[in-house]
Amino acid sequence: MNIGKILRRIRIEKGISKNELCNKTGLNKGYVYRLENDLISPTLATLEKIADAIDERLSNLISIAETERAARLYKDVASAEDWGQAADASYPLKLKDTD
């Protein structure tokens with residue numbers, strides 16, 4: 001789940017600066033930087049603080065994250081299937097008769 005990138009996108013869309021987010025949540029800039037770059041995962045309590053600060057429902061943030069995760073998985077599966085079909089067409093497997 002790339003919750004950090006989602007939080008950053010929503011924060012920017014709502015015109016909330018990183019400093020303002022830090023002031024509203026009590027989080028430091030380094031933590032927010034690492035979170036928004038998905039270097040760390042927030043606790044549920046931290047997510048609740050951030051959701052309040054950006055005036056967003058926690059359930060909506062989680063829903064967005066899950067929707068994006070499902071879209072990435074679908075894309076990965078579709079790419080794998082396309083690659084597999086291309087590989088099958090390019091390199092047909094032929095078995096030798098051993099009889």
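Heavy atoms only: backbone and side chains are in, while hydrogens, waters and symmetry mates are out.
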Check: Judged by atom type as modelled, is there a donor-acceptor pair below 3.5 Å linking the side chain of S63 to the main-chain atoms of S59?
Finding: no
Note to self: Other residues, nucleotides and ligands only: do more than 12 of their heavy atoms fall within 6.0 Å of CG on N28?
What the structure shows: yes
Note to self: Nearest 0.5 angstrom please: N37 CG to R8 CZ, how far?
What the structure shows: 5.0 Å
Checklist line | Atom pair CG (D52) and NZ (K49), whose distance is rounded to the nearest 0.5 Å | finding: 10.5 Å
Next item on the list: Can you see which heavy atom on A51 is nearest to which on R57, and at what distance?
Entry: CB-C, 4.4 Å
Item checked: Check: P42 and Y31 side chains under 4.5 Å, non-hydrogen atoms -> yes
Margin query: For T46, give me all partners under side chain to side chain donor-acceptor pair (under 3.5 Å), at least two apart in sequence or on another chain.
Written below: T43
Next item on the list: Using a 4.5 Å cut-off on heavy atoms from C-beta on, say whether the side chain of K5 contacts that of R9.
Entry: no
Checklist line | L47 side, atom CG; L35 side, atom CG - distance, nearest 0.5 Å | finding: 7.5 Å
Margin query: Within the 4.5 Å heavy-atom criterion, are E36 and V32 side-chain neighbours or not?
Written below: yes
Note to self: Could you measure the distance from the CD1 atom of I3 to the CD1 atom of I6? Nearest 0.5 Å is fine.
What the structure shows: 4.5 Å
Check: Looking at side-chain heavy atoms only, is the closest gap between L21 and L27 below 4.5 Å?
Finding: no
Check: Under a 4.5 Å side-chain heavy-atom rule over Ile, Leu, Val, Met, Phe, Trp and Tyr, are L44 and I10 clustered together?
Finding: yes
Margin query: Between the side chains of E56 and K14, is the shortest nitrogen-to-carboxylate-oxygen separation below 4.0 Å, so that they form an ion pair?
Written below: yes
Note to self: Is there a path of hydrophobic side-chain contacts, each under 4.5 Å between heavy atoms of I/L/V/M/F/W/Y residues, joining I12 to Y33?
What the structure shows: no
Check: At what distance, to the nearest 0.5 angstrom, does CD1 of I62 lie from CG of L58?
Finding: 4.0 Å
Notebook entry, point to check: Nearest 0.5 Å, what's the CD1-CZ distance between I54 and R11?
Noted result: 9.0 Å
